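These notes are about the structure you will find just below.
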Amino acid sequence: MSNIDDQVNEYYNKLLKRNAGEPEFHQAVAEVLDSLKIVLEKDPHYADYGLIQRLCEPERQVMFRVPWVSDNNNVHVSRGFRVQFNSALGPYKGGLRFHPSVNLGIIKFLGFEQIFKNSLTGLPIGGGKGGSDFNPKGRSEGEIMRFCQSFMTELYRHIGEYRDVPAGDIGVGGREIGFLFGQYRRLTNEHESGVLTGKGLTWGGSLVRTEATGYGCVYFTAEMMKEHGESFDGAKVIVSGSGNVAIYAIEKAQQLGATVIGFSDSSGWVETPNGVDVELLKKVKEVDRGRVADYVEQTEGATLHTDGTIWSLTADVALPCATQNELNGEHAQMLVDNGVKYVAEGANMPSTPEAIDVFQENGVHFGPGKAANAGGVATSALEMQQNASRDAWSFEYTDERLHKIMTSIFRRSADTAAEFGREGNYVVGANITGFKKVADAMLAQGVI
Ligand code: NDP
């Protein structure tokens, strides 16, 4: 083992001890550190000044009580989090997740990934993430509004246009951003539109933000396919999830001529051999807030499954767009056995390390989340630009900017992988590209 291996293993073992019980955070750090070994071999100065240890330690972590009253007058106490991981490149930027599985380790994994993703976009944004273990499912609109107001009553003192700019994630869409923004405005007596992204179009929101993560994931995948002389036209595609990212990944893939043969939610998965009726899916999920069974009931040719796995379908492309670790080694092997050629992560860390190994060992072209799903945060940064200049860009212009950013993320990840002798390994390429920019900024700014 080389000196660098020893050094990196030592950092990692210390990190495991200092951050016990946070397996998702460990997983995210392990992947990045593994990619960085070849950078440190080539440019040992990146290990100077405790750079790696500082990179893995959040600049600030806030945890707070969120009391709220349900419709039946019961008092509930949820837990709120904001992890401000790294602001070397710009204000902390990253979404808020409301889901019962949320804990500090999950927010730290998401915040850590966000540093490199945001760096990859080429825009001036640092990395952060937040959320709560509040479960919005089955809650009335009034309950959700009161929860958001209580959450913001603490969060507001930690955020700001130049400090930290949250956005949506699982369980936080346009409705929740509206309630959060309203409370921020009330508390501060300022219409500071740059404090949150994902806003409504009449009060500072940007066109394309809703579509951005899903569209961006498809643009990234299309670049991967182009590299190998292929395209979405005529391809069969699996998309897991049916939330914000999944819906717009399905829409764009079908616009480019693909057939999306399956999608899912946590209650089951749907086989759609003739493609997805996107307008119906939007109605079921975005308007009625229904389940996948409601989609199946309202159309023909779609089959609901409540056992087995969506990854057993036969497709050319798989886009996991639901949640972390939803695709394991066994699932990856099924996809490979059925001939999948491209996998790109719309969700954050949906593939386990074993799954990624299976893809890479079998020649599947694999786009990691921090590159493939960076379109959401990139368009959030475009929203910030529009807010700063009090301007509103057209759909076409904003979509074109998104498209160019995704093409550039793909190109730089591919070129960096090749430069380091790992051609086609977009995991290594994305990690190193994202890392170098942040690391250079941190070294320039001294030990802070
Ligand atoms: P949403 O809440 O809109 O949708 C999440 C979807 O995933 C829902 O359909 C949900 O189903 C489904 N899901 C959750 N857990 C499971 C599971 N165990 N099995 C099957 N389906 C499941 O969230 P988003 O679409 O915004 O986020 C999805 C992923 O994309 C997350 O990993 C997020 O971090 C990532 N991401 C999101 C960005 C954004 O701009 N929104 C940006 C970059 C990344 P159900 O409703 O039943 O829970």
Side-chain angles (χ1 to χ4, degrees), residues 207-208 210-264 269-286 292 295 299-303 310-322 335-336 338-347 359 363-367 371-376 378-379 395-411 414 426:
L207 285 163
V208 191
T210 305
E211 295 84 354
T213 310
Y215 277 22
C217 179
V218 170
Y219 293 150
F220 182 94
T221 314
E223 289 303 311
M224 242 187 348
M225 296 174 88
K226 200 158 99 189
E227 196 83 343
H228 301 279
E230 298 197 68
S231 78
F232 271 101
D233 196 16
K236 284 190 167 29
V237 181
I238 307 170
V239 178
S240 65
S242 48
N244 173 260
V245 179
I247 289 173
Y248 292 94
I250 294 171
E251 180 168 272
K252 183 51 74 179
Q254 295 200 153
Q255 280 173 7
L256 297 181
T259 304
V260 174
I261 57 162
F263 64 87
S264 61
W269 56 283
V270 179
E271 203 175 338
T272 52
N274 304 320
V276 176
D277 178 343
V278 179
E279 290 316 308
L280 175 61
L281 184 61
K282 285 184 191 173
K283 177 187 166 291
V284 168
K285 286 290 174 180
E286 295 180 340
V292 286
Y295 174 91
T299 186
E300 282 179 11
T303 314
I310 192 170
W311 309 121
S312 61
L313 291 171
T314 298
D316 307 294
V317 180
L319 305 176
C321 295
L335 286 167
V336 166
N338 288 333
V340 80
K341 287 189 266 181
Y342 302 92
V343 176
E345 298 183 321
F359 292 138
V364 174
H365 307 290
F366 176 77
N373 72 35
T379 309
F395 190 96
E396 291 68 27
Y397 177 73
T398 317
D399 189 35
E400 193 186 307
R401 294 273 314 253
L402 167 66
H403 201 159
K404 279 194 183 142
I405 291 169
M406 296 314 295
T407 305
S408 154
I409 291 176
F410 172 77
R411 196 65 274 145
Y426 307 119

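FYI, side chains are in, hydrogens and waters are out, and symmetry mates aren't considered; it's all heavy atoms of this structure. This one's a predicted model, so the numbers in the text were calculated from it and none came from an experiment.
If you take CE on Met406 and CZ on Phe220, they are separated by 6.5 Å, rounding to the nearest 0.5 Å. Annotation: the span from Leu207 atom CG to Thr398 atom OG1 amounts to 6.0 Å, rounded to 0.5 Å. A distance of 6.5 Å separates CE in Met225 from CG in Asp316, rounded to the nearest 0.5 Å.
Counting only distance, with no hydrogens or angles, the side chain of Ser264 and the backbone of Gly241 share a donor-acceptor pair below 3.5 Å. With hydrogens and angles ignored, the 3.5 Å screen pairs a side-chain donor or acceptor of Asn338 with a backbone N or O of Ser312. Side chain of Thr221 to backbone of Cys217: a donor-acceptor contact under 3.5 angstrom is found. In terms of modelled atom types and a separation under 3.5 Å, the side chain of Thr259 and the main chain of Ile261 share no donor-acceptor contact.
Side-chain contact between Ser231 and Leu256: absent, with no pair of heavy atoms (C-beta onward) separated by less than 4.5 Å. You'll find the side chain of Tyr295 reaches within 4.5 Å of the side chain of Leu280, heavy atoms only. The shortest distance between side-chain heavy atoms of Tyr215 and Glu251 falls below 4.5 Å. The shortest side-chain heavy-atom distance between Trp311 and Ile238 falls under the 4.5 Å cut-off. Using a 4.5 Å heavy-atom threshold, the side chains of Tyr219 and Lys252 count as touching. Val245 places none of its side-chain heavy atoms less than 4.5 Å from the side chain of Asn373.
Tested against Val276, the residues Thr299, Val237, Ile247, Ile250 include a single side-chain contact (heavy atoms from CB on, under 4.5 Å) partner, Ile250. Each of Phe366, Phe359, Phe410 was evaluated against Tyr426; a single residue qualifies, Phe410, per the ring pair (Phe, Tyr, Trp, His ring centres under 6.0 Å) test. Among Met224, Glu223, Glu230, the single residue meeting the side-chain contact (heavy atoms from CB on, under 4.5 Å) criterion with Lys226 is Glu223.
Heavy-atom minimum distance, Ala318 versus Val340: N-CG2, 3.9 Å.
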If you apply the rule salt bridge (Lys or Arg N to Asp or Glu O under 4.0 Å), what do you find for Glu400 with Lys404, and how did you get there? CA-CA 6 Å; Glu400 193 186 307; Lys404 279 194 183 142; 3.5 Å; yes

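The side chain to side chain contact (heavy atoms under 4.5 Å, CB included) search around Thr303 returns Glu271, His305, not counting sequence neighbours.
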